[in-house]
Structure formats: structure tokens, C-alpha cells
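The model shown is predicted, which means the values in this text are computed figures rather than measured ones. All residue numbers refer to positions in the sequence shown, counting from 1. No hydrogens, no waters, no symmetry mates; every other heavy atom, side chains included, goes into these values.
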Amino acid sequence: MNNDQLEGKWKQIRGEFKQKYGDLTDDDVTYSEGKFDEMLGRLQERTGRDKEELKREIDRW
């Protein structure tokens with residue numbers, strides 16, 4: 001799955017992701033167009049998970 005597909009899927013599941021990782025804020029799960037990797041970096045810091053793990057989790061959702 002490429003980043004464009006992940007971004008589209010992210011729009012659908014970000015609320016569920018916030019519920020799963022309770023420390024995430026709206027700022028953490030929001031991204032600007034073309035800055036998906038930057039948002040993944042914030043998620044990585046907050047969850048302690050690797051970017052690739054996060055991408056796989058989003059892909060499986």
C-alpha cells in the first residue's frame with residue numbers, strides 16, 4: 001500500500017486509533033497534505049512504535 005492509500009485509510013480510522021492509544025491528541029493524528037510521514041513521526045514518538053509498524057497497523061485496520 002502506498003502513502004496515498006494509507007492517507008486515505010487514515011482519514012477513516014484516526015478516531016479509532018486515538019481510542020486505542022489514549023495519549024494521542026487531535027494534533028498528533030492530524031496531518032497536512034503531503035506531510036503524512038511527519039504525522040507518522042509524531043505517532044511514533046507518542047506510541048513508542050516504529051513507523052513501519054504503524055504503517056502496517058493502519059494497512060491492516
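- When side chains are defined from C-beta on, L40 does not count as touching W10, because their heavy atoms never get closer than 4.5 Å.
- For the atom pair CE (M39) and CG (L54), the distance works out to 8.5 Å, reported to the nearest 0.5 Å.
- Among E38, E45, Q44, the single residue meeting the side-chain contact (heavy atoms from CB on, under 4.5 Å) criterion with R42 is E38.
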Please set out all donor-acceptor pairs under 3.5 angstrom arising from side-chain atoms of residues 19-27, sequence neighbours excluded.
residue: K20; atom: NZ; partner: E57; partner atom: OE2; Å: 2.7
residue: Y21; atom: OH; partner: R49; partner atom: NH1; Å: 2.4
residue: Y21; atom: OH; partner: E57; partner atom: OE1; Å: 2.9
residue: Y21; atom: OH; partner: E57; partner atom: OE2; Å: 3.4
residue: T25; atom: OG1; partner: D27; partner atom: N; Å: 3.4
residue: T25; atom: OG1; partner: D28; partner atom: N; Å: 3.2
residue: T25; atom: OG1; partner: D28; partner atom: OD2; Å: 3.2
residue: D26; atom: OD1; partner: K18; partner atom: NZ; Å: 2.4

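- Across all non-hydrogen atoms, the minimal contact from E53 to D50 is OE1-N, 2.8 Å.
- The ring-ring contact (aromatic ring centres under 6.0 Å, His included) pairs that include a residue from residues 42-61 are F17-W61, where partners are two or more places apart or lie in different chains.
- Atom NZ in K51 sits 14.0 Å away from atom CZ in R56 (nearest 0.5 Å).
- Atom OG1 of T30 is separated from atom CZ of R14 by 5.0 Å, given to the nearest 0.5 angstrom.
- Applying the salt bridge (charged side-chain N to carboxylate O under 4.0 Å, His left out) rule to D37 yields the partners K55; only residues at least two apart in sequence or on another chain are considered.
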